[in-house]
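Below you'll find the structure, written out as structure tokens, and then a few comments.
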Amino acid sequence: MRASEMRRETKETKVYVSLNLEGGPLNIDTGIGFFDHMLHAMLFYAGFGGEITCKGDLEVDGHHSVEDVGIVLGKVLKEAMGEKRGIRRFASAFVPMDESLEFCAVDVSGRPYLVMDAPMPQPMIGSYDSCLTKEFMRAFAMNSGITLHLKCHYGENAHHITEGLFKALGLALKDALRVESDQITSTKGALE
């Protein structure tokens, strides 16, 4: 069973994440409605099940909550993947969202990196600061050990752009983590 869970508490946030890469129900409550919607979309299109809860210092703003969820979700995914035996490893996906078109490419390599080219036309999406998408993606990539490239090819609405990025990430993860053999998908013989 490819699954894991983790709790992390700081003076700023209390985060709990459980993740099942084989699927199941989703329960997400971070206190930030739009962020919950994005996490649900990402995990749904990845085919994952699990729970994400966060009690954060939202009286300050959403930054600590969004970043810390990215940290914990990344760590839980890394643990759930195990030694990554037989996974496809590389994958990519395009997602059109109305007027916008987003792209995601991943390498589940064990070497974390983020390249993100997705300017946000509006600074806020409800109570969600649109610049936090990059903070989440950076925290998630660094802690999961994934090389992550995200690009908005064009778009005029920050909601559509952000949603397309999260959905594209989910689709790419679903494909990259698909088990295709019993071998490690690396000429080195290890994914670290």
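Taking the six-membered ring where tryptophan is involved, the planes of Tyr128 and Phe35 are essentially parallel, since the angle between them stays under 30° and well short of 60°. Ring planes of His153 and Phe94: tilted class, angle from 30 to 60°.
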For this session: Would you sort out whether Leu58 and Ile32 count as a side chain to side chain contact (heavy atoms under 4.5 Å, CB included), showing the intermediate values?
Result: CA-CA 8 Å; Leu58 297 181; Ile32 306 169; 3.8 Å; yes

For this session: Please step through side chain to side chain contact (heavy atoms under 4.5 Å, CB included) for the pair Leu169 and Val106, ending with a clear verdict.
Result: CA-CA 8 Å; Leu169 174 56; Val106 298; 4.1 Å; yes

Problem set entry | side chain to side chain contact (heavy atoms under 4.5 Å, CB included) between Leu177 and Leu21, worked out | CA-CA 9 Å; Leu177 294 176; Leu21 306 192; 4.3 Å; yes

Problem set entry | Derivation and outcome, side chain to side chain contact (heavy atoms under 4.5 Å, CB included), residues Arg138 and Leu148 | CA-CA 9 Å; Arg138 180 184 296 114; Leu148 174 58; over 6 Å; no

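Within a 6.0 Å sphere centred on OH of Tyr16, heavy atoms belonging to other residues, nucleotides or ligands number more than 12. Residue-environment remark: CD (Glu22) exceeds the threshold of 12 foreign heavy atoms within 6.0 Å.
When the side chains of ILVMFWY residues are joined at heavy-atom separations under 4.5 Å, either directly or via intervening members, Leu171 and Phe103 end up in two distinct hydrophobic clusters. A chain of hydrophobic side-chain contacts below 4.5 Å, direct or via other Ile, Leu, Val, Met, Phe, Trp or Tyr residues, connects Met137 to Met97. Placement of Met120 and Leu101 in two distinct hydrophobic clusters is found when ILVMFWY residues are connected by side-chain heavy-atom separations under 4.5 Å, directly or transitively. By the rule that hydrophobic residues join a cluster once side-chain heavy atoms approach within less than 4.5 Å of another member, Leu114 and Ile71 end up as members of separate clusters.
Taking the charged nitrogens against the carboxylate oxygens, Glu180 and Arg178 do have a contact shorter than 4.0 Å, which makes a salt bridge. Ion pairing between a basic and an acidic side chain is recognised when a charged N comes within 4.0 Å of a carboxylate O; Lys167 and Glu163 show such pairing.
Glu135 contributes atom CD, which lies 10.5 Å from atom NE2 of His64 (distance to the nearest 0.5 angstrom). Taking SG from Cys104 and OH from Tyr45, the interatomic distance works out to 15.0 Å, rounded to the nearest 0.5 Å. Rounding to the nearest 0.5 Å places CD of Glu79 at 3.0 Å from OG of Ser4. Here the straight-line distance linking atom CZ of Phe34 with atom CG of Leu39 works out to 10.0 Å at 0.5 Å rounding. Remark: Glu12 CD to Thr10 OG1 distance equals 5.0 Å, nearest 0.5 Å. Expressed to the nearest 0.5 Å, how far OG1 of Thr53 lies from CZ of Arg7 amounts to 7.0 Å.
At a threshold of 4.5 Å between non-hydrogen side-chain atoms, the residues Val69 and Ile52 count as touching. Looking at heavy atoms from C-beta onward, Phe140 lies out of side-chain contact with Lys75 at the 4.5 angstrom threshold. When side chains are defined from C-beta on, Arg89 counts as touching Ser109, because their heavy atoms get closer than 4.5 Å. Within the 4.5 Å cutoff, side-chain heavy atoms of Ile146 are placed close to those of Leu77. When side chains are defined from C-beta on, Leu26 counts as touching Phe44, because their heavy atoms get closer than 4.5 Å. By the 4.5 Å heavy-atom criterion applied to side chains, Leu43 and Ile28 are counted as neighbours.
Distance alone, capped at 3.5 Å, is enough to place a donor-acceptor pair between the Gln122 side chain and the Ala158 backbone. For the pair Thr147 (side chain) and Arg111 (backbone), a donor-acceptor distance under 3.5 Å is present. Listed for the Glu51 side chain is no donor-acceptor partner under 3.5 Å among the backbone atoms of Leu19. Between the Ser144 side chain and the Lys78 main chain, no donor and acceptor come within less than 3.5 Å of each other. With hydrogens and angles disregarded, a donor-acceptor distance shorter than 3.5 Å links the side chain of Asp29 to the backbone of Gly31.
In summary, the side chains of Glu67 and Ser65 do not present any donor paired with an acceptor at a separation below 3.5 Å, with no hydrogens or angles considered. Residues Ser18 and Glu5 have side chains that never bring a donor and an acceptor to within less than 3.5 angstrom of each other.
Across His63 and Leu132, no two heavy atoms sit closer than the pair CD2-CD2, 3.5 Å. Nearest heavy-atom pair, Pro121 versus Pro119, reported as atom, atom and distance to 0.1 Å: CD-O, 3.5 Å. Nearest heavy-atom pair, Val108 versus Lys84, reported as atom, atom and distance to 0.1 Å: CG1-CD, 3.7 Å. Looking at every heavy atom in both residues, Asp175 comes nearest to Ala91 through CB-CB, 3.6 Å. Between Leu165 and Met116 the shortest heavy-atom distance is CD1-CE, 3.9 Å. Between Val95 and Gly164 the shortest heavy-atom distance is CB-O, 3.8 Å.
Just one residue in the list Thr30, Asp68, Asp57 forms a side-chain hydrogen bond (donor to acceptor under 3.5 Å, both in side chains) with Thr13, and that residue is Asp68.
Annotation: Phe166 is not in aromatic contact with His37 [ring centroid separation under 6.0 Å not met].
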